[in-house]
Number of protein chains: 2
Amino acid sequence: MRIVVATCQIDYAGRLTAHLPSAKRVLMLKADGSVLVHSDGGSYKPLNWMSPPCTVQEDLTVDGQMEWTVTSKTDDTLRIVITEVHHDSSHDLGIDPGLQKDGVEKHLQELLAEHPATLHDGLSLVRREYTTAIGPVDLMCRDSDGLHVAVEIKRRGEIDGVEQLTRYLELLNRDPLLTVKGPVRGIFAAQLIKPQARVLAEDRGITCALVDYNLLRGMDDPSERLF
Amino acid sequence: MRIVVATCQIDYAGRLTAHLPSAKRVLMLKADGSVLVHSDGGSYKPLNWMSPPCTVQEDLTVDGQMEWTVTSKTDDTLRIVITEVHHDSSHDLGIDPGLQKDGVEKHLQELLAEHPATLHDGLSLVRREYTTAIGPVDLMCRDSDGLHVAVEIKRRGEIDGVEQLTRYLELLNRDPLLTVKGPVRGIFAAQLIKPQARVLAEDRGITCALVDYNLLRGMDDPSERLF
DNA sequence: AGATGTATGTCGCCG
DNA sequence: CGGCGACGTACATCT
C-alpha cells in the first residue's frame with residue numbers, strides 16, 4: 001500500500017467521463033494495482049478510483065510534472081497529474097484475515113429455519129431455499145393443519161419483497177402437490193416492515209411477522225457462536 | 001485528514017455486527033469525523049467504516065493500548081483497538097472543488113431530446129419526462145406518420161429497462177388520445193444493449209437503438225460545454 | 001423528512 | 001463467465 005498526499009488534477013474516462021480540478025488530495029495505491037482518490041469529506045466512496053485488475057504507469061510530463069496513468073482491462077483510464085507531493089510512503093500490510101459478519105439476511109434465515117414456530121404457532125420447516133422456476137423461496141413450511149406456508153425473509157420489509165412473495169405464491173398455488181390440503185399461504189417476515197409494505201401484504205392475504213433478532217439469537221445455541 | 005497505519009482489531013455494531021481480527025491496516029480519519037478502515041485489497045470499499053456525522057473518542061486501555069471509539073448519531077459504534085502504530089500523519093486538504101461528471105443518463109436524455117431523429121428517421125419530440133401514473137417516460141415522440149413513440153433511455157440497456165418500457169407502453173396504449181392514429185411504439189435507447197435485453201425487446205416489438213454518445217456530443221452546441 | 005430512481009455501484013452465490 | 005439479489009448499499013432529486 002502506497003499513500004501519497006498530493007496536489008493533483010484528475011481525468012477519468014470509462015463508463016462516464018469525469019474531471020477533478022487541481023486540489024490537494026489523498027491517493028491510495030493498493031497492492032493489487034487499484035487506485036483510490038480521497039478528499040477530506042464525503043463518505044467512504046472515493047472521488048475517483050480504478051478497480052482492480054489495473055496497472056499504474058508513472059511518467060514525467062515535459063514540464064516536469066509527475067503523471068500517473070491507470071488503465072483497466074476494460075479500457076477505462078484514470079489520468080492523475082501531480083503538481084506537488086506533500087507526502088509519500090509505502091507500507092507492507094500483508095493479507096487481511098477478512099471480515100466476520102453477523103446479522104444479515106442469511107443469518108436471519110438460518111435462525112428462522114431453526115425456529116419457524118416463532119413466525120406462527122405450530123409452523124414447521126419443510127425446506128430452506130425451496131427452489132421454484134422463478135427463484136428460491138426462503139422457507140417452505142407447513143402449519144399444524146398440514147397446509148403449506150411460504151416465508152419470505154427480509155431485514156427491512158418493503159414493497160418489492162411483498163411483490164416477490166406474491167410471485168412465488170402465484171406459482172406455488174398452481175402446484176397440485178403443494179395444494180392438496182388447501183392453498184399455500186404466505187408469511188412476510190422482517191425485522192422492520194414499512195407501512196406501505198404491510199398494507200399491500202395484508203391486502204393480498206399475506207401475514208406480516210416482525211422478527212426479533214436478539215430474541216432469536218438468544219434461543220440459538222450460544223456455543224455455536226464466536227461472539 | 002489523518003492517516004494511521006496500525007496493527008489493530010476492530011468491532012462494529014450497527015445494522016449488523018462485524019469483527020476484524022488483528023492485522024496491519026490503514027485507518028483514514030476525515031475532517032468531518034468519518035473513519036475508513038482499508039486493507040491492501042478489495043476495491044474502493046473499506047473493510048469497515050463510519051459515515052459522518054460521527055465522533056471519534058481516543059482512549060488508552062488498562063494495558064496501554066490505544067483504543068478509538070467511533071459513534072454515530074444512530075448509535076452505531078466502531079471500536080478500534082490499536083496494538084502498534086506504524087505510521088501517523090495529518091494533512092490539511094482544504095475543501096475539494098468537487099467532481100464534474102459527464103455522460104450519465106440525464107445527460108444522454110438531454111442530448112437525445114435535442115436530436116430525436118438520431119434514434120429513428122423523422123422522429124420529433126413531444127415532451128421530455130412525459131408523466132404517467134406509473135412514472136415518467138423519458139421521451140415521448142411522434143414519427144413522420146404522426147404515431148406516438150415512447151423512448152426509454154439507459155446508459156446500459158438491460159432487461160429491467162425493457163420491462164420498464166413495456167409497462168409504460170401497456171399503459172400508454174390504453175390512452176385513446178395517444179392511439180388515435182395507431183398504437184404507441186417503443187424505442188429502447190442505450191449506449192450498450194445486452195443481448196438478453198435486445199432479445200426481450202425485439203420479442204415484444206420494441207425497437208433497439210444504440211446511442212453514439214460522442215457523436216451526439218459533437219452535434220451539440222460546443223459553446224455550452226465546459227470541456 | 002420520506003419516497004423514488006440511479007450508480008464508474010460492489011459483493012457474493014449459483015448455474 | 002454471466003445472471004440475479006442483497007447491501008451497514010450511498011446518493012441525488014423531488015414531493
Side-chain angles (χ1 to χ4, degrees), chain A residues 10-20 34-37 41-52 54 70 72-78 98-99 101-109 129 131 134-136 138 152-161 163-164 167 190-192 194-197, chain B residues 11-18 34-37 41-52 54 70 72 74-78 98-99 101-109 129 131 134-136 138 152-156 158-161 163-164 191-192 194-197 200:
Chain A
I10 298 174
D11 284 283
Y12 168 75
R15 314 234 188 128
L16 57 68
T17 307
H19 175 73
L20 281 171
S34 59
V35 178
L36 284 66
V37 181
S43 62
Y44 68 70
K45 197 174 179 178
L47 289 166
N48 254 152
W49 70 93
M50 187 68 82
S51 303
C54 62
V70 191
S72 80
K73 295 269 188 282
T74 55
D75 262 353
D76 291 24
T77 55
L78 188 67
L99 186 64
K101 280 189 185 181
D102 183 28
V104 286
E105 182 186 323
K106 190 178 156 190
H107 197 184
L108 263 184
Q109 194 190 107
E129 300 279 353
T131 310
I134 53 170
D138 288 340
E152 177 62 37
I153 302 165
K154 294 280 178 221
R155 218 167 34 78
R156 297 152 70 131
E158 296 179 31
I159 279 183
D160 58 348
E163 294 283 15
Q164 198 179 339
R167 288 197 301 272
Q191 282 181 276
L192 176 107
K194 296 228 171 169
Q196 290 197 347
Chain B
D11 284 283
Y12 167 74
R15 313 243 182 116
L16 58 70
T17 308
S34 59
V35 178
L36 283 64
V37 181
S43 60
Y44 70 68
K45 199 174 179 177
L47 289 165
N48 248 318
W49 71 94
M50 189 67 83
S51 305
C54 62
V70 191
S72 79
T74 54
D75 262 353
D76 291 24
T77 56
L78 187 68
L99 186 63
K101 281 187 185 184
D102 182 29
V104 286
E105 183 187 322
K106 190 178 156 189
H107 196 181
L108 265 183
Q109 195 191 107
E129 301 279 354
T131 310
I134 54 171
D138 288 339
E152 176 63 36
I153 301 165
K154 293 281 177 219
R155 222 168 27 78
R156 295 154 68 129
E158 295 177 34
I159 279 182
D160 57 348
E163 294 284 14
Q164 198 180 338
Q191 282 180 277
L192 178 106
K194 295 230 173 171
Q196 290 198 348
L200 183 66

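Everything numeric here is computed off the predicted structure, so don't read it as measured data.
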Defining pairs by Watson-Crick or G-U wobble geometry with both distances under 3.5 Å, how would you list the stems of DNA chain C with at least three pairs each?
C:1-7 with D:9-15, C:9-15 with D:1-7
Could you tell me whether the phosphate oxygens of C/dT6, OP1 or OP2, come under 4.0 Å of any side-chain nitrogen or oxygen in B/Lys154?
yes
Give the minimum heavy-atom separation between A/Asp138 and A/Ile153, together with the two atoms involved.
OD2-N, 2.8 Å
What are the two closest heavy atoms between B/Gly161 and B/Glu152, and how far apart are they?
O-CG, 4.0 Å
Which whole-number value in Å describes the distance from B/Lys45 NZ to D/dC7 P?
10 Å
What pairs of nitrogen or oxygen atoms, one from the protein and one from nucleotides 12-15 of chain C, lie under 3.5 Å apart?
none

B/Pro46 and B/Val37: which non-hydrogen atoms are nearest, and at how many Å?
CB-O, 3.2 Å
Gap between atoms CH2 and P, on A/Trp49 and C/dT10 respectively (whole Å)
6 Å
Return the polar atom pairs (N/O with N/O) between nucleotides 1-3 of chain C and the protein under 3.5 Å, or none.
none

Heavy-atom closest contact (A/Leu78 atom, A/Met50 atom, distance):
N-CE, 3.5 Å
Take atom CG of B/Leu47 and atom P of C/dC11, then tell me their distance rounded to the nearest Å.
11 Å
Judged by nearest nucleotide, the residue sitting upstream toward the 5' end of DNA chain D, A/Ser43 or B/Gly14, is B/Gly14
Return the value, rounded to whole Å, for the distance between atom CD of A/Glu129 and atom C1' of D/dC4.
13 Å
Under 4.0 Å: is that the gap between some side-chain N or O of A/Ser51 and OP1 or OP2 of C/dT8?
no
What's the gap between D/dC14 and C/dT8 when it is taken at their C1' atoms, as a whole Å value?
24 Å
Interatomic distance, A/Trp49 atom CH2 to A/Asp76 atom CG [nearest 0.5 angstrom]
10.5 Å
Give one of base, sugar-phosphate or nothing for A/Asn48, where a contact means two heavy atoms less than 4.0 Å apart.
base
Nearest-Å distance, CD (B/Gln109) to P (C/dG5)?
14 Å
Indicate, with a heavy-atom threshold strictly under 4.0 Å, whether B/Tyr44 touches base, sugar-phosphate, or nothing.
sugar-phosphate
Smallest separation among heavy atoms of A/Leu16 and B/Asp102, with atom names:
CB-O, 3.5 Å
From CG of A/Leu99 across to C1' of C/dC11 the rounded distance in Å is 12 Å
Using 0.5 Å steps for rounding, measure from the NE2 atom of B/His107 to the NZ atom of B/Lys101.
14.0 Å
Working to the nearest 0.5 angstrom, can you tell me the gap between A/Leu20 CG and A/Asn48 CG?
4.5 Å
Closest non-hydrogen atoms of B/Cys54 and B/Ser34, given as atom of the first, atom of the second and distance, are SG-CA, 3.7 Å
How close or far is atom C1' of D/dA6 from atom CD of A/Glu152, stated in whole angstroms?
11 Å
Nearest whole Å is fine: how far is C/dT8 C1' from A/Asp76 CG?
7 Å
With a 4.0 Å cutoff (strictly under), does any side-chain N or O of A/Lys101 reach OP1 or OP2 of D/dG8?
yes
Same-atom distance (C1') from C/dC14 to D/dG8, integer angstrom:
24 Å
